[in-house]
Each structure stands twice: as C-alpha cells, then as structure tokens.
Amino acid sequence: MYNNDTIAALATPPGIGALAIIRISGENLQVLFHKLTQNKAIKDRFATFSSIYCPNTQEALDSGIIIYFKAPNSFTGEDLIEINCHGGEYISKSILSSLYAYNIRPANPGEFSFRAFMNGKIDLIQAEAISELISSKSTRAAKNNLNNINGYVSNYVDKLRNDIINLLSIIEHELDFTEDEIEQTRYDKLADELYKIDSAISKIVNTSAMGKMLSSGARVVLFGPPNAGKSSLFNAILGFDRAIVSDVSGTTRDVVEAWFELSGIPVCLIDTAGYWDSNNYLESMGIERTKQQVMLADIVLFIDIKDPVQTFSQLNLDLDEDKLLFIRSKSDLNNDFTSPDPDIISISTKNNEGIASLLNILSVKLSSTFGSHSSLDPIIVSKRQRHLLLEAQNISNKALSLTGNNIETDILASVLHGLNDTLSEVIGNISNTEVVNNIFSEFCVGK
Amino acid sequence: MGEINPIIIAGGGHAGIEAALAISRMGCRAVIITLDPKSIGRMSCNPAIGGLAKGHIVKEIDALGGIMGRAADFSGIQFKTLNKSKGRAVWSPRAQVDKLKYTRFIQNEISLDENISIIEGEVVDFAVNNSNISTVILKDRSAHPCASLIITAGTFLNGLIHIGTRKFRAGRMGEKPAIGLTESLINKGFTVGRLKTGTPPRLLRSSIDWEQTLLAPGDETPVPFSINSIDKFNPINEPCHIVNTNTGVHRHLKENLHKSAMLSGQIKGVGPRYCPSVEDKIVRFASRESHQLFLEPEWANSNQIYVNGFSTSMPESIQKLALMQIPAMKNVEFIRPGYAIEYDYFPSSQLKSTLETKAIDGLFLAGQINGTSGYEEAAAQGLMAGINAASKLNSLNPFVLLRSSSYIGVLIDDLITKTIDEPYRMFTSRAEHRLSLRPDTAPLRLTELGLKYGLITPKQRVLFNKFKIEVEQTKLFLKSTKSSLFSKTNEPLQKTILKNTVTISQIQMAHTELQNHTHQALFTAETDIKYQGYVDIENRRISQFNKIENIKIPKTINYNKLVSMSAESIIKLERVRPETLGQATRIAGVRASDIYILSMAIKQSGDCFT
C-alpha cells in the first residue's frame, strides 16, 4: 500500500453540493500544477483562482480555486494539490477521470492519512481522531476528537512513556554494573515511581467509558406497559431539543431510534413500544428484542401510569438497578397519588411538566455512569487504544506486584520494556505492517 | 580427490585457540600460525575470566564444547558470582585465575590434539582464486595452501602502545606487532579502522602495604563455569584484596587529564556505559569520591599485582603519583605502567553472520580484530568462526545463533549490524531476551545444537543428558507433588515456590526423590519455574514485534531500485546488506517506513532483485 506514486480522490461526499474538493498527493507535482492551470505561477499554500484544464488534452473542465502545498508542509507530507471545484457529480468526475488518464492512481480508502502517518506528520492516535471527527455525533464528541488531533492523548501517553524510559534507563544502567561500582537506587524509590506510573495508566484507561459514549453515544431505552406514554415522552424529549443528529428507523428491529444531544453528549433514544401484552407483560415474540434493547441500554427509563417501581418488580427482570430511572407519567391525571419513593419522577407530556427536570436528572446520571471528565482531559476513543491501554494496565499491575523486599530488577526491566512497547503501539510505532494497514483501510476514500 | 587443505588460523590468542579446538572436534585439521608459540592462550590483561555478561558468554562457550570454562575452572584461585543481589538472569560467574596455570592448561590440550599443528611465523598476505581463499603467505615467503583462513590477530595489527606521550610499536607489551596483513586486506578491498583500549599497571607485590588493604573472599560455595567440572570441583579460595581511591588520587588524575593518551586522542565520544580507563571513570562519575580497585596476583605466589579498575594511559609518573595517594600504596613500585594500545580493526559490516567475509569465501575474521574488547567476546567469535570454517568443509549448514538463543548470537548480530566507534563489550542490557538467556541454562539452550555439529565430547554429552533429565524430572516432580509442608494448604510444590515461601534446598531435604539431583539441576529447575511467566510475556512481546525478524532478504536485492525509500536509508542498507528484515530494523537510522517498503518489496519480489 505504501508507494509514492501520485494518488487522487474526491475528498468531499459525492452528490450535489455547491463545492467539491479533489485532493492529489505525490512527489513533485509542479508539472502537474502547470498542466492543470496552463502555467499559472505556483505560490506555496496560496489560493489561486484558475480555470482547471485536463492535463492531457488541455480541454477546460471547470474553474475554481486551486492550492499547491509544497512538501513537507502538507497534510500527507508530500506535495499536495487541492482543487476546489463546482459541486455536482459530473464536474468532479470529469476532473478525476482526466487525472487518472494522466497516470495518477485513484486513492485507496485512508491512503492520504496513511501517507501522513508514514511521513510522520501524524501518529496513529491523531489519525484515528481525524476519522472519528468526521463521524462525531455531538459537540462534545467533536471537541474531544479535535483535542486528540491536537495531541491530548498522544502527549499524555508520550509523557508516560518518557517516565517509564527514565526509570528503565536507571534500572538498565544499574544492571550493567556491580554494587561496588555505582550507587544502586533504593527499592522504595523504585516502588514509588512504579506506583505513579500505574496511577497515570489507570487514569487514562478510566476515560474510555466516556470516550466510547462520546463516539457511539449513550443508549437510553424507554420501557414500560402499553399506554404508559412512552411514545409521547419520546416525541416530547426529541421536540425539546431540536439538534437531532441522525435518524434511524429500524424496520427489521421494530424499534424506533433517534439521536439527540444532551449536554453535549450524543444520546440514542430508543422506543420499545409494541412488545407488551396486556395479559402477559412481555409477549413472547417480541420478548427477545425488547429484552435485548433493555439489556444493552446504558439507561432505562421505566414508565408507568401508576407505580413504576411496583410494576417493574413484578417483571422479575435481572437488571442492574443503577441503570433505571422510574417515571410516573400522566401526572396530570393522578393528582392524588403520592409515591413513597422520592426517586420517581413525575411527568405530564400533556402539560409539558417534568420533562426538563427529567432531562437534567438523565444528564447527571449519564455523567456519573461514564465518569465526569472536563473537556481539557485527554479522553481515549478508539477500541484499539482502549485494548492496548488495558494491556498496559495489566502489565503495570504485574510490575507493581514485583515490588517488595527484594525487587528482581532483571524481571522488572523486562516487564517495563513490555509496558513501553505497549504504549508505543498506542501511538503507532508498530513494525507489524498488517496492523497498520488494517487501521487505515477502515477510513473512507479521500481521507 | 586430493587431500583437503587445513584451516589456517592466524593468531593463537583466545579466539584462535577456540577456533582450532572446534575445528579439531569437528574432524578437520587446523594450523595455528603465531609469532610466538609460547604465547598461545596467554591472557594479556586482567587475570580473570567472566564477570558481568562475560560470565554468560563463558557458559555458552562451554555449552558448545569450548575450552575457556574448563581452563578457568582448572586455574581459578577465587570464584565469585556477581550481582547476586539482583535477579538470577544477571547473576554473573567470575573467576580470578592463575595466568600461568591457565595458559599451561590450554597449551597442553592443544599440544595433545592430533588435528592441530603450530607454525611459528607471521601471516602477511594471502592469495585468492575465484573469490575463494587458496593460500596463506608468511613473512618468510613460504606459502601454505588452506581451505579457509581465520584471522584472529587481536591487537597485533599495526599495534601501537601509548604511555602518556611515549609511543612505540607492539602487539602487546613485550611483543612485536604484526605488520603487513592489514595492508594486504586493504589491497583486497577491505576497510579498516583504529581503536584504542587500555590496561592497568602491574605493581610489585612487595611494595604494597597489605595490612592496609581490605579483604574480599570468594564465594563459599563456588560454582564452576564448565559442566565438565561439576563432579570434582574443589578450588582454592584466595581472598582478593581491595583498596579505594580517594580525592587525592582523583585530583592527580584530573589535573593531568590532558596527558592521558586515551582522552586527548582520537576517540570523539566515549560511550555512555563503558569505563575503559580510570580517568574516564572519574570524569563520568565525578560525584563519586572513591572507586574500588582490586589487587589481583597474576598467578599463584607471583610478584606481579594487577590493579583491576585502574586501566590508564597516563604518563607513568602520573600513574605512580596518583596511586601513591592510597595508604596501602604509599611506596608502590611498578613492574609495568598501564598503557593504551592502538590497533587496526575491521568493521564487521564486511562480515556475514558466520563471520566469513562477504567479499572472499573462506576468509574469516574473529576476535578483537572485529572491534570487541575482552577475552570472552574474542573466544566466542573464534569458536563461531572455527565451527563455520569446518562446517563448510563438512558440507553442513552455516552455524548461526539467534539473538533469542544466546549472548553469542547477540554479539555477532550487533557486530555485523551496528557501527562501532569504541571497543564493543557485552552487557546484559544488549539482550532483549535477557530473561531467557540465564547463564545456568546455557547447556539447555546450546548443547543439543553442539551435538549436531559434533562439538561435544562423549563425556560432556553424558553430563549434559544427566543435567537435562534432572532438570525435567525436578520440574515434573514440583508440578505434580502436592504438599502442605511449606504452605497453609495442600498445593503443588510449584505453586509454593512461586509464592517465594520456600527454597528448592528445603524441598530437597524433605523429599528423597530429589536427593541425588545436583545442586545445579535443582537451581535451574527452580529458576525456570519462577521465570516462566515472565519469559512467556517477554517472548510474546518480542515475537509480536519480530514477526519480521527472521524473514530473509534475498541476496540479490538492489536497494537502489526501491524508489520509495529515502536516499540515506538506501545507503545504509547497501552498506550493511542485512541478511534478515530483523537485522535491517537494527540498523541505526533505518525507519519503520523503510522496513515497510522493504517487506512489501520482498513479498512482491519485484524488479529490485537483479
């Protein structure tokens, strides 16, 4: 996959739009620039307005802004040309075809980012953040991914690695000399350092729940007997905040989902209307589907007209109580019902009462579930990073278990090397090229 | 079918003798050509064998049937395992030896060996036929046909001794240098470099006030280097004597640093971990107010005392003045001052992993001539070159050790891959597989391979098999035997060992099944158990990163055709011409993306192979 032939692709989504961007990356693109513009002067990183010509036939294809980025100061680290042309399928296609006829190859998915990575312009964490940014589902998610593009997580991991390497240098140095030749570090000092490293790893590993949620969103499921007002509540919540990010109708699953943003967090609200038999609470055909949603949920909003706590307990469902919020609906009809349980939230969609406070409570609950982190904390997002950092945590625990009365520094050195290697992999120092290939092949074309 | 020519070895030092003996064990004939037959096996410097990482190498040489370990066991006057306060993978055996006994042992074995003959002379040139070596030419103009030539000339090639500002040609103090061979090699296209190494003064025993020295005895239960010595090992235990330098000593040295040939000379940057000279030590560890010096007799009852830790190339007067600051040395007299020796060496990027030169078939270089320092490093190379020269004659596969199998493997791989700017010395930190390369497991790692190549005597084979079986039996016993003697619950003894609440000796005393097992076998079994978990992790980690380690790079590759690669990396790869992708990753400055390109090229077997 890594060549340095010239590649080109559409960087914007195909379809109709005002503008499209075509990206070309390769070595020494000056000649190409001249061919594309009929010899306009090249000004590095300068937006030039020009007609765009077919490099072979010199037929005029479009006119727009063309920018030349001289290596290494470009996204990929090679020469890069960006053509901002008119949107619409035909124009961008004709420009691309003319480029391909000029011996330029169509880029593979993720290939621009791959070259950026290979040329050391970005590390793997940043590469993954770029990909994540494009699919961010909320403002907080976007902010977090931007932070990671700017190196928040990378810096954190790098600092950690430096601490480990410093510790390793001391240990390795001492292993090469006998006790008579140099001063040997005291064991309690070594243990202190290890403990600090371990805490730092735990800290970032613990952000992954939040990261996962920012990336995939929190799943909030509406559950309860028929006519409890689930669908009304569904609409009320969505109507409350108009920033819907995406709308998925699940025909195969017979559930209705919609995304909304709650305090910057992407939430997928799921309505399980239709799987509750008035006689047997859970109709057998739909039982699995509803159960699945409820089990997969991060939060379950259990709604009942009368006493949600009691109704729920009759179901004998083995569900983590921490996930549940109990809601008594249609409070406008039940004025004289006083619940012994202060945690039941009363709402009336008809009168628009209680919805705001429900959303507040929901927001607080989500924060406590996923850990509260400020927007300045590094938060890890990708599964790959999480997996490696968990491994690092494992190794770090092992290192800590070695400290005691007699630290065998040869074993400790080996364990710390393993820790360092694992953290390097997070940033992307991987000599296993297949792994790297796999990561980038999941990016989209033009990225 | 004519008679097969012998393998000629130029030089009778530690490298040369291991080569000769290995060649003989493999059934071929060896001829040692030496300037002085009486100097065969001579120890030029430290009267000690082994030490940190070096002890590991000696065990490995022994595991392949070499002589160094047996010679040290025979002539040792004090045995000590260093680094005992650290983990077992870095326990390093060391012996102070009687130099005369050591040399005698070696010369005796060589003289009794029918396959080895000695010629007194000096190799100055050699003839090549179709890029195959054919004849060795001596200074007296005689020509000797050979199957292979192994050059183990040590520090003799254009050797130049420096004492302060005095310079004179010598191979070692008191011995002539070798002139001419370097020039012949240069004429045949080899590149040569210069290195310097230092040695301490020799003091007159009677001039030292021994009452003012500290006594340091050897281990109470000494452990031999060689598996052959297991049964009858009862060495003497001469205590070693220690003195400490002090601020007075350091001041004298500091004030005269500019007079040190080593520090004022050509070496640009002294490496971070090497302490070749005492002046170097006081600069690097400036905050330390004193360093230990070991006073070692060169042989039993000898008058010559070697000052270990005081390697120097200061002028003689300064050396003396500095040492006189030590109370025990108020009236010290020198037999010989310390000196630095400068000598030719050949960058090992010119060698294959068999130590055969890439340019000329049948020509091998081994030992200090490759830029290493230390008897043990030299002996290991001599052993490997000898085995490979004989393997060629016996039509066996090349004998190459992996980094994961031995320190010898690490040594050779480092030599042929890295650039050397100061004498290369082995450290345990050079081995990424350190936990797997424990000194006590050397036989288990190497002897079976040695058996395949005919390197192991019948006697050693028996001892090895006994050791191997006892280790396996012990491990099996510990795994399958449950006991609550040493733990609260009834659990396999293996588990109790992992908890560190019992030693193997305690277990041996309580179970008759282990009664007759040797201490070494029990030790190895116990350590294997303790280390297994970490070794597994280490191996997994390393193999993940080294999926590419053993991928061979086709010999026909033309790096210039890899257009995506940076020009610098192409130059580096062309210079080293690594044999495997793993070796390529260790070349300084070669980047991950270059390895990527290279591995893709190999997979696609494109047109860069012409």
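Residue numbers start from 1 in every chain, and the chains themselves are labelled A, B, ... in the order their sequence lines are given, proteins ahead of strands.
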query = So with a 6.0 Å cut-off around CZ of A/Arg386, is the heavy-atom count from everything else above 12?
reply = no
message = Under a 4.5 Å cutoff for heavy-atom pairs, which residue among B/Val535, B/Leu435, B/Val90 has the most contacts with chain A?
response = B/Leu435
query = Can you pull out the residues in residues 497-504 of chain B with any heavy atom less than 4.5 Å from chain A?
reply = none
inquiry  = For A/Tyr195, is the OH atom crowded, meaning more than 12 foreign heavy atoms sit under 6.0 Å from it?
reply    = no
ask   = Nearest heavy-atom pair of B/Lys86 and A/Glu174: which atoms, and what distance?
value = NZ-O, 2.6 Å
key: Short side-chain donor-acceptor distance under 3.5 Å, B/Tyr534 and A/Asp410   = no
ask   = Looking only at heavy atoms, what is the nearest atom pair of A/Glu408 and B/Gly87, with distance?
value = CG-CA, 3.7 Å
request  = Quick one: closest heavy-atom pair of A/Leu175 and B/Thr428, and the distance?
outcome  = O-OG1, 4.2 Å
request  = Give a yes or no on this: more than 12 heavy atoms of other residues, nucleotides or ligands lie within 6.0 Å of atom NZ of A/Lys121.
outcome  = yes
task = For residues A/Ile411 and B/Lys530, determine if any side-chain heavy atom of one lies less than 4.5 Å from a side-chain heavy atom of the other.
result = no
Interface moiety of B/Ala89 toward chain A, non-hydrogen atoms closer than 4.5 Å = both
